[in-house]
Amino acid sequence: MILQTDISKEVEAMLRQTDLKFKRVESGFSVEVPIKKNRKQILLIQTKTEDFRSIKAFEVSSMVYQSKTEPSLQFLNSVLLRKLSIGGVMYGREESSYRLRVRHMLSINFNQSTLKGVLDAIAIDADKLELDLHPGAEDRY
Amino acid sequence: MIFPMLLQVAQFNALETLDQSLRKTGYEVSAPNENGVISIIVRDAQNNPYRVFARLNGFAPGVWTSVYAEKPLGKKPLSRDVVNQLFGQDRKYGHFKLVESQTKDFSLQFEIQFDLQANDDPKVMKDTLIFVRNVGEEMDEAIRRLV
């Protein structure tokens with residue numbers, strides 16, 4: 001049996017305390033995180049937890065690549081070698097597209113400053129990766 | 001000069017908290033080495049040992065294990081088969097990363113980062129260690145067939 005906890009209310013209450021733009025989407029919240037002048041990153045917060053025994057955590061991620069073209073092996077290796085501030089890279093083929101995301105699983109015992117820190121860290125790493133893939137582009141995937 | 005000192009004290013305290021949280025699991029835990037890496041022996045139901053490591057890792061502490069640890073992957077990066085194997089399954093937690101040594105050899109790690117406060121619960125810490133061990137063992141076997 002898969003146990004899941006819905007933490008939409010808690011996440012929404014904390015997002016309201018930030019100055020970030022966000023909206024509800026089917027699986028949680030889409031959040032726009034400004035990085036620097038003229039650059040931003042869209043993050044997805046999944047508000048149903050993924051549970052393994054006593055671990056309860058939810059996914060915070062940002063897409064950096066979505067295409068019908070498979071990224072090169074050299075690029076995937078360089079992505080795996082990269083030191084991210086937090087979390088790691090997820091890659092796979094979903095709905096006939098190749099997708100690459102930066103992801104971190106955040107414990108449900110989070111507070112507002114942890115959530116904001118994780119959002120900022122993922123946004124910065126995802127933006128850097130996106131720039132490596134498409135120099136000069138913004139949310140091109 | 002006071003800021004770097006305060007940072008060092010905070011890191012020392014966090015490492016001590018991590019060390020204590022790991023010891024509460026009942027597993028064998030070594031004292032942090034000079035690089036702040038703690039080694040833990042996680043045993044399965046048959047009492048077989050498996051080595052897992054913990055460290056403060058910038059923003060969030062992490063627990064990791066070496067995958068395919070008997071020898072480094074060598075000087076070549078990962079093949080398409082190994083990359084597909086790594087990402088072939090949607091894992092709830094954690095991530096793989098490639099690490100390049102000073103001698104330019106590649107090795108592969110699986111890591112879970114967590115919130116120190118949440119993992120102060122020994123049950124949660126124990127389950128985190130078990131998850132890392134399970135993925136490490138499973139991938140080690142799968143990659144051994146490909147390398």
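In the text below, chain A, chain B and the rest are named by the order of the sequence lines, each starting its count at 1.
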Contact summary for [X] and [Y], nearest pair of heavy atoms:
X: R103(A); Y: K92(B); value: NH2-O, 3.4 Å
X: N109(A); Y: D115(B); value: O-OD2, 4.3 Å
X: R80(B); Y: L76(A); value: NH1-CD1, 3.5 Å

Quiz item: NE2 of H104(A) to CD1 of I112(B): how many Å apart, nearest 0.5 Å?
Solution: 10.5 Å

Quiz item: Among E59(A), K83(A), E70(A), R93(A), who wins on heavy-atom pairs under 4.5 Å with chain B?
Solution: E70(A)

Student check: side-chain heavy atoms of [X] and [Y] closer than 4.5 Å:
X: L81(A); Y: E100(B); value: yes
X: L80(A); Y: F87(B); value: yes
X: I130(B); Y: R53(A); value: yes

Residue [X] versus chain B: region with a heavy atom under 4.5 Å:
X: S85(A); answer: backbone
X: I55(A); answer: both
X: E94(A); answer: neither

Quiz item: Counting only heavy atoms not in K128(A), do more than 12 fall under 6.0 Å of its NZ?
Solution: no

Quiz item: Above 12 or not: heavy atoms from other molecules or residues under 6.0 Å from CZ of R51(B)?
Solution: no

Self-check item: Positions in residues 114-126 of chain A that reach chain B, provided some heavy atom is under 4.5 Å away
Solution: T114(A), G117(A), V118(A)

Side-chain heavy atoms under 4.5 angstrom apart, residues restricted to Ile, Leu, Val, Met, Phe, Trp, Tyr: same cluster for [X] and [Y]?
X: V31(A); Y: M14(A); value: yes
X: L84(A); Y: F75(A); value: yes
X: Y50(B); Y: F52(A); value: yes
X: M105(A); Y: I45(A); value: yes
X: L73(A); Y: V82(B); value: yes

Exercise. Check each atom of L86(B) against the heavy atoms of chain A and say whether the ones under 4.5 Å are side chain, backbone, both or neither.
Key: side chain

Quiz prompt | Options Q117(B), K97(B), Q113(B), ranked by heavy-atom pairs under 4.5 Å with chain A, top entry | solution = Q113(B)

Quiz item: Within residues 121-128 of chain B, which positions have a heavy-atom distance to chain A below 4.5 Å?
Solution: K123(B), V124(B), D127(B), T128(B)

